[in-house]
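Below is one structure; the comments refer to it alone.
Proteins get letters first, then strands, A, B, ... in listed order; numbering begins at 1 in each.
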Amino acid sequence: MSRIAYLTTPLYYVNGQPHMGHAYTTVVADVLARYHRLDGDDTYLLTGTDEHGEKIFTAAAAVGLEPQAYADGIAATFVEAWKELRISNDDFLRTTEARHISVVTSVLQQVYDQGDIYFDEYEGLYCVGCERFLTDREIVNGKCPDHGTVPEKRKEGNYFFRMDKHRQWLAEHIRTTPGFIRPARYANEVLSILSESIGDLSMSRPRSRVPWGIGLPWDDDHVTYVWFDALINYVSALGYPDGELFGRYWTQARHFIGKDILKTHAIFWPTMLRAMGAPLYAGLNVGGFLMGSDGQKMSKSLGNVVNPFELSKRYSADAVRYYLAKDVPYGQDSAVSEKALVERYNADLANDLGNLASRARALLLRHLDGRLPEPVQTDADQAVIATGIGLAAHVREQVGALRLSAALEEVMQFVRQLNRYFNDEQPWVLAKNEASKPRLGTVLYNCVEGLRITSILLEPALPDKAVQLRDSLGLKGGDLASTETWGLAPAGTVIPAEAALLFPRAELEETQAGSQPAAQPVAKTEKKREKTEKSGPAAGDGQISIDDFNRVELRVAQVVACEAVPRTDKLLKLTLSLGDLGERTVVSGIAGSYAPQDLPGRRVVLVANLQPAKLRGIVSQGMILAAEDDDGNLALVHPDKELAPGARVR
RNA sequence: GGCGGCGUAGCUCAGUCGGUUAGAGCAGCGGAAUCAUAAUCCGCGUGUCGGGGGUUCGAUUCCCUCCGCCGCUACCA
């Protein structure tokens with residue numbers, strides 16, 4: 001009676017090459033899938049690529065390719081990447097495949113027919129990067145917070161999916177289903193989003209603007225919004241609605257995602273499923289971001305990018321897999337680096353595990369003709385045996401709780417115990433006289449048997465090396481249950497005379513030395529300044545250079561008109577004249593200290609090259625300077641003489 | 001500004017539904033051993049469990065507050 005496990009990674013968007021974030025989520029899902037299979041569970045692992053949308057269309061055009069050809073190219077690099085990392089996916093779905101498109105089309109028609117999709121005109125600020133309109137609330141500093149670009153104003157007719165009506169039950173479901181979203185803090189985040197109106201979801205784009213997408217079956221002038229299309233992959237890959245795989249796996253679906261796509265998976269997707277009349281997935285597992293070696297977001301300019309595929313070629317796929325599973329805690333942001341990988345690899349795999357295999361092999365070959373003897377267990381052997389056969393239960397428990405790191409650590413504890421056992425029993429001393437040869441055989445047998453169990457338990461993380469390890473001892477593999485019996489390594493087994501070093505010790509390459517772990521405090525202040533001021537690097541001690549200052553364009557401006565912004569306490573909308581430079585609208589939070597009628601005619605100092613920002617629906621094109629005392633009283637800064645508006649302030 | 005999370009040994013992190021001497025791995029120091037991949041094994045930590053206050057017989061664990069970092073959000077611009 002086996003259990004069912006359906007695990008998915010996101011379908012990765014083909015707008016860029018696979019990177020560490022992709023690799024991490026995919027490796028975690030794969031290690032988990034392999035544990036399920038090892039334990040006899042009926043397991044299905046899905047990954048793939050998401051290939052529609054405006055961004056793909058433009059990216060393809062930029063390099064002179066048809067969208068499909070462009071997508072083909074990137075999709076191939078993902079296939080290659082997962083091959084490199086030994087990902088054991090059962091399927092690789094591309095959203096441009098006919099089997100996916102036909103499911104999306106029928107889902108659309110069904111949801112439309114039942115009245116859950118309607119047409120409406122929409123005007124708003126559109127982010128090309130997100131491929132959607134942003135709400136006022138989402139815009140930060142006049143820009144899309146995810147892409148750092150200024151959204152453009154667009155008006156278009158779109159179809160909308162009635163999503164808002166699903167708020168109540170979804171919130172209830174999240175509240176009453178522990179583990180539906182893990183870690184729990186992300187469930188709280190979703191609940192707080194659901195506590196307010198979520199609106200209906202714009203789920204189409206005019207084909208005239210976005211030719212690259214799945215057409216709406218009832219209106220070919222529109223194509224499906226890329227997320228509405230992509231999310232359906234999780235069921236289309238199973239042959240929804242009546243495929244055998246769908247019936248078998250769907251209700252046990254567990255999605256693995258990064259926190260950047262929480263909203264689509266925790267809100268869009270469940271409401272879509274409900275509208276489709278399909279059961280919800282079983283769980284959503286949210287991972288954090290992987291940061292560069294310095295703890296900051298990876299970026300080329302910081303030179304802290306860690307490429308998992310290069311590391312794989314340098315140190316082996318298993319080294320990368322083991323490092324990601326063992327050292328990177330799931331669900332929170334964490335720093336990854338080549339240095340950390342090498343340390344983990346050397347400590348656990350080379351020193352503890354690889355070396356143990358080496359020393360056992362050496363004595364077997366030298367003193368026992370390379371044959372595994374029949375053991376005669378004594379009291380001294382019981383502790384090792386007990387730990388070994390008890391490991392599977394611990395591993396099952398940890399893996400079930402998504403604690404891969406703890407699961408692997410359980411196994412490593414056992415490896416350390418075997419090393420202790422080896423030292424305590426001193427087989428190299430036993431080998432010195434004939435009388436102790438039987439005891440020598442038992443000790444070495446137990447080491448080999450321990451390594452057999454270890455190799456099976458580590459196999460999900462180390463698919464290649466586990467097999468190599470067993471090969472080097474003449475052993476065969478087995479399932480998880482086969483680790484719960486001691487003595488399955490057959491006496492008489494021939495130990496191969498030659499075997500390559502399993503885990504040669506790794507040295508950190510020189511190139512890596514360049515990324516000095518800059519003094520922590522400096523890095524932090526720099527990061528903070530970057531965030532609050534978006535300025536370039538400055539001299540130390542919070543001081544800025546004259547060049548920095550000159551980047552700020554300060555000008556005298558005259559207030560032409562002023563009115564309070566409706567339904568706000570603090571905001572005034574000012575119309576300012578800059579003389580020959582024209583007029584500006586500025587929103588300022590000074591209503592507590594100035595009445596609208598007091599201001600027209602006054603001269604103020606304006607930061608003229610500030611990024612526009614939208615406040616309460618009004619685009620503010622700058623900031624006026626005011627001083628503030630401890631009690632919050634504001635005093636506008638104004639020039640001492642009546643200079644003409646537009647004059648530069650330095 | 002609001003809501004939420006985090007802040008535990010040099011580093012990466014566990015943990016404490018309040019209670020004997022707060023843990024692991026890595027790094028470091030000393031020693032043993034020499035079968036082995038300069039690997040292994042043993043021993044070694046006076047850590048204000050972010051600061052302060054409170055509740056309690058007792059708090060790192062609960063409450064309040066402050067500081068720092070992160071996320072979401074907002075009438076900062």
Side-chain angles (χ1 to χ4, degrees), chain A residues 136-138 140-142 145 183-193 195-196 259-260 262-263 288-289 291 295 326-329 331-337 339-340 343-344 346-367 403 405-406 408-409 412-413 415-416 418-432 440 443-444 447 501-506 517 524 527-528 531-532 564-572 586-592 606-607 610-618 620-626 628:
Chain A
D136 293 350
R137 295 187 296 208
E138 287 175 307
V140 178
N141 296 327
R185 65 173 169 281
Y186 290 110
N188 291 334
E189 199 168 309
V190 172
L191 284 173
S192 96
I193 296 172
S195 67
E196 295 173 36
K259 64 181 181 179
D260 52 328
L262 175 63
K263 207 188 283 188
F289 287 152
M291 315 302 267
K326 177 87 192 289
D327 247 27
V328 180
Q332 55 185 279
D333 293 354
S334 55
V336 294
S337 67
K339 182 164 177 281
E343 284 172 0
R344 181 92 272 147
N346 280 339
D348 289 7
L349 301 180
N351 296 354
D352 288 353
L353 179 55
N355 183 51
L356 175 63
S358 262
R359 57 205 305 215
R361 270 178 47 81
L363 293 181
L364 278 162
L365 289 169
R366 195 172 307 154
H367 302 291
R403 290 193 290 260
S405 175
L408 295 173
E409 178 59 18
M412 284 313 304
Q413 296 282 7
V415 172
R416 289 181 207 116
L418 286 173
N419 268 315
R420 272 196 298 280
Y421 172 76
F422 200 104
N423 277 41
D424 292 347
E425 298 302 323
Q426 305 184 75
W428 60 92
V429 174
L430 296 174
K432 281 178 180 157
L440 168 68
V443 170
L444 293 180
C447 287
L501 263 193
L502 240 200
F503 300 107
R505 271 186 68 86
K524 285 198 171 160
K527 180 178 180 183
K528 187 175 179 180
K531 177 158 186 173
T532 51
V565 178
R567 297 194 310 281
T568 67
D569 300 327
K570 303 200 308 201
L571 297 187
L572 294 182
V586 168
V587 177
S588 186
I590 56 173
L606 173 75
V607 180
L610 196 63
Q611 290 164 358
K614 192 169 183 179
L615 299 170
R616 295 301 275 183
I618 301 166
S620 179
Q621 304 163 303
M623 173 172 76
I624 59 174
L625 300 186
E628 179 177 17

TODO: Write down the distance between CG (A:N423) and P (B:rA39), rounded to a whole number of angstrom.
DONE: 15 Å
TODO: Looking only at side-chain atoms of A:R420, point me to the closest of B:rU37, B:rA36, B:rC41.
DONE: B:rC41
Task: Spacing of the P atoms in B:rU65 and B:rC3 (rounded, Å) - done: 10 Å
Task: A:R416 with A:E409: basic N within carboxylate O range, under 4.0 Å - done: yes
Open item on the list: Suppose you measure atom C1' in B:rA33 against the same atom in B:rC41; what distance do you get, rounded to whole Å?
Closed with: 8 Å
Open item on the list: Any base atoms under 4.0 Å from A:R505, or only sugar-phosphate, or nothing? Heavy atoms, all strands.
Closed with: base
Open item on the list: Between B:rC13 and B:rC70, how far apart are the two P atoms, rounded to whole Å?
Closed with: 15 Å
TODO: With C1' as the reference atom in both, quote the distance from B:rG5 to B:rA24 in angstrom, rounded to an integer.
DONE: 24 Å
TODO: Give A:A350 one of three labels, base, sugar-phosphate or nothing, depending on what nucleic acid heavy atoms sit under 4.0 Å from its own.
DONE: base
Task: A:R505 and A:N351, any side-chain heavy atoms less than 4.5 Å apart - done: yes
TODO: Scan A:R344 against the nucleic acid and name what it touches under 4.0 Å (heavy atoms): base, sugar-phosphate only, or nothing.
DONE: sugar-phosphate
Open item on the list: Go nucleotide by nucleotide along RNA chain B from the 5' end; which of A:R366 and A:D424 gets its closest nucleotide reached first?
Closed with: A:R366
Open item on the list: Less than 4.5 Å apart, side chain to side chain, heavy atoms only: is that true for A:N346 and A:F503?
Closed with: no
Task: Nearest to side-chain heavy atoms of A:K259, which nucleotide of B:rC26, B:rG71, B:rA36 - done: B:rG71
Open item on the list: Quick check: do A:N419 and A:R359 have side-chain heavy atoms less than 4.5 Å from each other?
Closed with: yes
TODO: Report yes if at least one side-chain N or O of A:R361 is closer than 4.0 Å to OP1 or OP2 of B:rU37; otherwise report no.
DONE: no
Task: Whole-Å P distance, B:rC42 and B:rG25 - done: 10 Å
- [ ] Take atom CG of A:L356 and atom P of B:rU40, then tell me their distance rounded to the nearest Å.
- [x] 11 Å
Task: Residue whose closest nucleotide on RNA chain B lies nearer the 5' end, A:R403 versus A:Q426 - done: A:R403
- [ ] For B:rC35 and B:rU46, measure between their C1' atoms and round to the nearest Å.
- [x] 41 Å
Task: A:R185 and A:K259, any side-chain heavy atoms less than 4.5 Å apart - done: no
Open item on the list: At 4.0 Å (heavy atoms only), tell me whether A:S192 reaches a base, stays on the sugar-phosphate, or touches nothing.
Closed with: nothing
Open item on the list: I'd like to know if A:N351 reaches the base of B:rU37 with its side chain, counting only an N/O donor and acceptor under 3.5 Å.
Closed with: no
Open item on the list: Categorize A:D348 for me: base, sugar-phosphate, or nothing, with a 4.0 angstrom heavy-atom threshold over every strand shown.
Closed with: nothing
Open item on the list: As an exercise, state the distance from CG of A:L418 to CE of A:M412, rounded to the nearest 0.5 Å.
Closed with: 10.0 Å
Open item on the list: What's A:Q332 touching, base or sugar-phosphate or nothing? Going by heavy atoms closer than 4.0 Å.
Closed with: sugar-phosphate
TODO: Would you state whether a donor and an acceptor, one from the side chain of A:N355 and one from the base of B:rA36, lie under 3.5 Å apart?
DONE: yes
Open item on the list: Could you tell me how far B:rU20 sits from B:rU60 if I compare only their P atoms? Round to whole Å.
Closed with: 11 Å
Task: Proximal nucleotide (of B:rC41, B:rC13, B:rC72) relative to the A:S334 side chain - done: B:rC13
Open item on the list: Give me the distance, rounded to whole Å, that separates B:rG15 from B:rC57 when you measure between the C1' atoms they each carry.
Closed with: 25 Å
